[in-house]
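What follows is a short report on a single structure.
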Amino acid sequence: MPLALLALAVGAFGIGTTEFVMMGLLPDVADDLDISIPSAGHLVSAYALGVVIGAPLLAAVTAKMSRRTVLIGLMGLFVVGNALSALAPGNGWLLAARFLSGLPHGAFFGVGAVVATNMVAPERKARSVSLMFLGLTVANVAGVPVATLMGQHLGWRATFLGVSAIGLAAIAALASLIPHDREHATATGLRGELAALRSVPVWLSLGTTVAGFGALFAAYSYITPMLTDAAGYGAASVTLLLALFGVGATAGNLLGGRLADHSLRGTLFGGLTSLVAVLALFPLLMRTEVTAAVAVTLLGTAAFVTGSPLQLMVMEKAASAPSLASSANQAAFNLANAGGAWIGGLALAAGFGVTAPALAGAALAVLGLGVAALAAAVDRRRVPAAGRERVVASHVPQESRALHS
């Protein structure tokens, strides 16, 4: 695997840290800015909104630029957003800075995934994507806990200055390790890039991402009350258990990349099926501390097995605009974050018990399996048609083919 993948992983580590660290810093930010916890929660939403808007937009408008230049520019915007977050004088400025920090998130992963797959042999594409995502999953194991502790002891502003430093390190790594590339030979402009998203298989792939990762966030958003109220853990133990989730996510990400290089769709179906099983068993597993720890780890593993297959699948379905489609998949991931948390909250508010969000997540995972099955059926119907076209083309006289060429 090329060393350049390390540069992408460093950028992913910084992005993953700034995305998830705000959850742990909400009380500190609320106290410092004299706002309520729910108001501080809007800072999480502002970042997610930036991802959803920025992912397809920035990927589309930079389509004709060198991907190396785009990656460095996106990380520069990331540094500026986090530095402004550290310097924000009030809640309004911090909301704007968090939105700005989220803008490059999806486009970085989208363009980065294309760069990663272009640097390796076809049989290693999924593995290369998983190595880039390794930075994101390791951020949940090390980056977020360390950044949270930094914020609690040095102030939340120090956390965002630290994240900015990670971004600067990523820029240096990208500039030195990512090979120079020419402008996109197949770029067709903004209209052409957007046209690639009209494909039904692309939207089915994006729908699988929304349902599959919505299943994860339906449960994960309420994992703390499950661990404390159902499993009996103390609040001080939750941070360690969330690190176990990161360990499981890292293992699942690497496993999914390796398996997907052998069977892309098989890995996707296997991961979603495993996610259904883990979430359905959550009410039983949350009855003891030991099984609850196992459940949290398995949740991360099962969910992130599907990460690389979903990213690669949507890129293949939009071959004429892989950067845009790959970035749109990151927007879908953040829609899953918001939608899954909302659905899990509905299940909890309905009075079905503290583990009800996990069962709602299991239902969403079943929906994801259904969408993935529909996508497979659509592909099977398209393959014979493509085959017929190749047969017709093979009977075109050689002289005619020469004239067309």
Side-chain angles (χ1 to χ4, degrees), residues 5 8-24 51 105 109 112-113 116 126-148 208-209 212-224 226-227 238-260 267-268 270-279 281-282 285 292-312 329-330 332-334 336-337 340-341 344 357-358 361-362 364-365 368:
L5 293 176
L8 297 173
V10 173
F13 179 81
I15 289 174
T17 300
T18 201
E19 178 182 19
F20 294 108
V21 75
M22 183 55 75
M23 287 77 160
V51 177
H105 175 130
F109 280 109
R127 207 174 309 178
S128 70
V129 173
S130 72
L131 289 177
M132 180 187 69
F133 283 153
L134 186 63
L136 181 64
T137 57
V138 170
N140 283 283
V141 180
V144 174
V146 171
T148 301
T208 306
T209 297
F213 276 95
L216 165 65
F217 287 111
Y220 187 66
S221 300
Y222 305 95
I223 196 68
T224 297
M226 289 189 211
L227 291 170
V238 172
T239 301
L240 177 60
L241 291 164
L242 295 183
L244 285 179
F245 172 84
V247 171
T250 301
N253 173 56
L254 293 175
L255 178 63
R258 184 171 292 273
L259 294 177
T267 304
L268 177 58
L272 288 172
T273 302
S274 300
L275 187 57
V276 172
V278 171
L279 289 171
L281 290 172
F282 246 60
L285 295 173
V294 173
V296 171
T297 308
L298 290 178
L299 177 62
T301 303
F304 278 86
V305 161
T306 65
S308 298
L310 283 169
Q311 191 75 24
L312 195 56
N329 194 53
Q330 292 300 311
F333 178 88
N334 278 268
N337 189 340
L364 283 173

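All figures in this text were calculated on a predicted structure; none of them were measured in a lab.
Put simply, OG1 on Thr224 and CG on Leu241 are 9.0 Å apart, with the number rounded to the nearest 0.5 Å. Atom CZ of residue Phe13 and atom OG1 of residue Thr18 lie 11.5 Å apart, to the nearest 0.5 angstrom. Taken from CD1 in Ile15 to CD in Gln330, the straight-line distance is 9.0 Å, to the nearest 0.5 Å. Summarising the geometry, atom CG belonging to Leu216 is positioned 8.5 Å from atom OG1 belonging to Thr306; distances are rounded to the nearest 0.5 Å. The distance from atom OH of Tyr222 to atom CZ of Phe217, rounded to the nearest 0.5 Å, is 12.5 Å. Going from atom CG of Leu298 over to atom CZ of Phe282 covers 8.5 Å, rounded to the nearest 0.5 Å.
Between Ala116 and Leu8 the shortest heavy-atom distance is CB-CD1, 4.0 Å. Here the closest non-hydrogen pair linking Gly361 and Ala215 is O-CB, 3.0 Å. Across all their heavy atoms, Ser221 and Ala341 have their closest contact at OG-CB, 3.3 Å. The two residues Leu255 and Val305 have their closest heavy-atom pair at CD2-CG2, 4.3 Å. Phe333 and Thr209 get closest at one heavy-atom pair: N-CG2, 3.9 Å. Scanning both residues, Gly214 and Ala336, for their nearest heavy atoms gives N-CB, 3.3 Å.
A side-chain donor-acceptor contact under 3.5 Å links Thr301 to the backbone of Thr297. Between the side chain of Ser274 and the backbone N or O of Ala302 there is no donor-acceptor pair closer than 3.5 Å.
Ring centroids of Tyr220 and Phe213 are separated by 6.0 Å or more, keeping the two rings apart. For Phe133 and Phe109, the ring centers sit closer than 6.0 Å to each other.
Inter-residue side-chain proximity for Thr137 and Leu254 is flagged as unmet; no heavy-atom pair is nearer than 4.5 Å. In this structure the side chain of Glu19 reaches within 4.5 angstrom of the side chain of Asn334, judged on heavy atoms. Side-chain contact between Ser308 and Arg127 is absent, with no heavy-atom pair separated by less than 4.5 Å. Using a 4.5 Å heavy-atom threshold, the side chains of Leu275 and Leu299 count as touching.
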Check the pair Ile223 / Val296 against side-chain contact (heavy atoms from CB on, under 4.5 Å), numbers first and verdict last.
-> CA-CA 8 Å; Ile223 196 68; Val296 171; 4.1 Å; yes
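Donor-acceptor pairing under 3.5 Å is lacking for the side chains of Asn253 and Ser130.
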